[in-house]
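Every chain is numbered from 1 and lettered A, B, ... according to where its sequence line falls, protein lines coming before strand lines. These numbers were taken from a predicted model, which means no experiment stands behind them.
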Amino acid sequence: MDLARPDLRPDPSLSRQEMESLQREIAAAAAFDDDHALDPAAVAVESAASLADGLPPARPDAVANETLPGTGGAVEESGVPTVVGVDQAFRTDRAGDRPDAAVSAAVAFRDGTVVEYASATTPLSIPYIPGLLAFREGEPILAALDALDAEADLLVCDGSGRIHFREAGLATHVGVLCDVPSVGVAKSLLCGEPDEPTAERPAGWRTPIRADDAVTTAEPGTVIGHAFQSRQYPNSRRVNPLYVSPGHRVSAESAVDLVAALCAGYKLPEPTRLADAHAERAKGDAE
DNA sequence: GCGACAG
DNA sequence: ATCTTGTCGC
């Protein structure tokens, strides 16, 4: 898989200042609006996969359709868009403490079912630094996408997109480098302010997240994402909402609509949930 | 100086 | 993210 923007791919030796200015370039290259309206109904996942007996098998015939020569992507090929969830697990060295390598997983969905699994193991370069997550996890994700035969029409990333100090979170970083529509799904809020308090909301509830002073590249008040209650228990309301934001080529509104369509009864959207499980499995296989 | 922040 | 048993509530 060749990158659409190799010029924006970070060099491992960048200083912190250089990483931050690269993020401003990436944000400037990002499109936070809808281009070819990807219909949430076309990517919806109707039933949640059971993980009790391991991961479901990939539907055998589907990937072959996408790898026919001379095709321009999955949608052109079959009319059915491909959604790819990406997530990672971390392997620790035998001494037992420091994370040693990232195990990235990419899981492709079409018609609500898994069509392909891929993974890659990548040595870790820099530690986790809030705001610079993409420099730790971006390359591992690209490696997993490289190992995937399917062409993604939408990437679902585990982390923020536009909800970021410089509007260039992980989902934006990966989406722009690949020039693929992407959304970010985070379990906690990095920056920005919800319009309404998010505690104890019923399933389906959502509220805009607006840029605050921590977002240095946007006018305060700009809608940069949404809090979205993907799941809730009827009586005891203890599930925290997701924080969904556009990565690239998707609006804030479409990003939540797409994620809502990809959720099938669990807190996390199915592509993310299965990518998480596949990353765990791949990590275990290597040990 | 304090705060505060995805995974 | 990761280290981990039980426990409470769907």
- Got P12(A) and S125(A) here, is their nearest side-chain heavy-atom distance under 4.5 Å? no
Below 3.5 Å is the cut-off: list the nitrogen or oxygen pairs between protein and nucleotides 2-7 of chain B, distance only.
from   : atom 1 : to      : atom 2 : distance (Å)
dC5(B) : O4'    : L190(A) : O      : 3.2
dA6(B) : OP2    : Y128(A) : OH     : 2.5
dA6(B) : N7     : G131(A) : N      : 3.1
dA6(B) : N6     : G131(A) : O      : 3.1
dA6(B) : N6     : L132(A) : N      : 3.4
dA6(B) : N6     : L133(A) : N      : 3.2
dA6(B) : N6     : H164(A) : NE2    : 3.3
dA6(B) : N1     : L170(A) : N      : 3.2
dA6(B) : N3     : S160(A) : N      : 3.0
dG7(B) : OP1    : K187(A) : N      : 2.8
dG7(B) : OP2    : S188(A) : OG     : 3.3
dG7(B) : O3'    : D158(A) : OD2    : 2.9

- D7(A) CG: over 12 foreign heavy atoms closer than 6.0 Å: yes
- Hey, does the side chain of S50(A) reach the backbone of A52(A) with a donor-acceptor pair shorter than 3.5 angstrom? yes
- Item | R162(A)/E167(A) ion pair, N-O < 4.0 Å | yes
- For DNA chain C, the expected dot-bracket line (Watson-Crick or G-U under 3.5 Å, [ ] crossing, | inter-strand) is ..........
- Hey, what's the ring geometry for H173(A) with F135(A), parallel, tilted or perpendicular (30° and 60° as the breaks)? perpendicular
- Task: Remember a base hit wins even if backbone is also touched, and classify A102(A) as base, sugar-phosphate or nothing at under 4.0 Å, heavy atoms.
- Result: nothing
- Under the side-chain hydrogen bond (donor to acceptor under 3.5 Å, both in side chains) criterion, do T222(A) and E219(A) qualify, and how do the steps go? CA-CA 6 Å; T222(A) 305; E219(A) 293 299 321; over 6 Å; no
- Between atom CD1 in I141(A) and atom P in dA1(C), what is the gap in whole Å? 13 Å
- Task: May I ask you to say what Q232(A) touches in the nucleic acid, namely base, sugar-phosphate or nothing, with a heavy-atom cut-off under 4.0 Å?
- Result: nothing
- Electrostatic pair D153(A)-R110(A), nearest N-O below 4.0 angstrom: no
- Task: Ignoring hydrogens and angles, tell me if any N or O in the side chain of T172(A) forms a donor-acceptor pair with the backbone of G247(A) under 3.5 Å.
- Result: yes
- Inter-residue atom distance S21(A).OG - L14(A).CG, 0.5 Å rounding: 8.0 Å
- Message: Using a 3.5 Å limit on both distances, find every run of at least three consecutive Watson-Crick or G-U pairs that involves DNA chain B.
- Response: none
- Message: Could you check whether any side-chain heavy atom of L145(A) comes within less than 4.5 Å of a side-chain heavy atom of V174(A), counting everything from C-beta outward?
- Response: yes
- Cationic N near anionic O, under 4.0 Å, D179(A) to R5(A): no
- Task: Figure out the CD/P separation between E280(A) and dT4(C), and round it to whole Å.
- Result: 13 Å
- Upstream residue (5' side of DNA chain C) when Y233(A) and A89(A) are each assigned their closest nucleotide: A89(A)
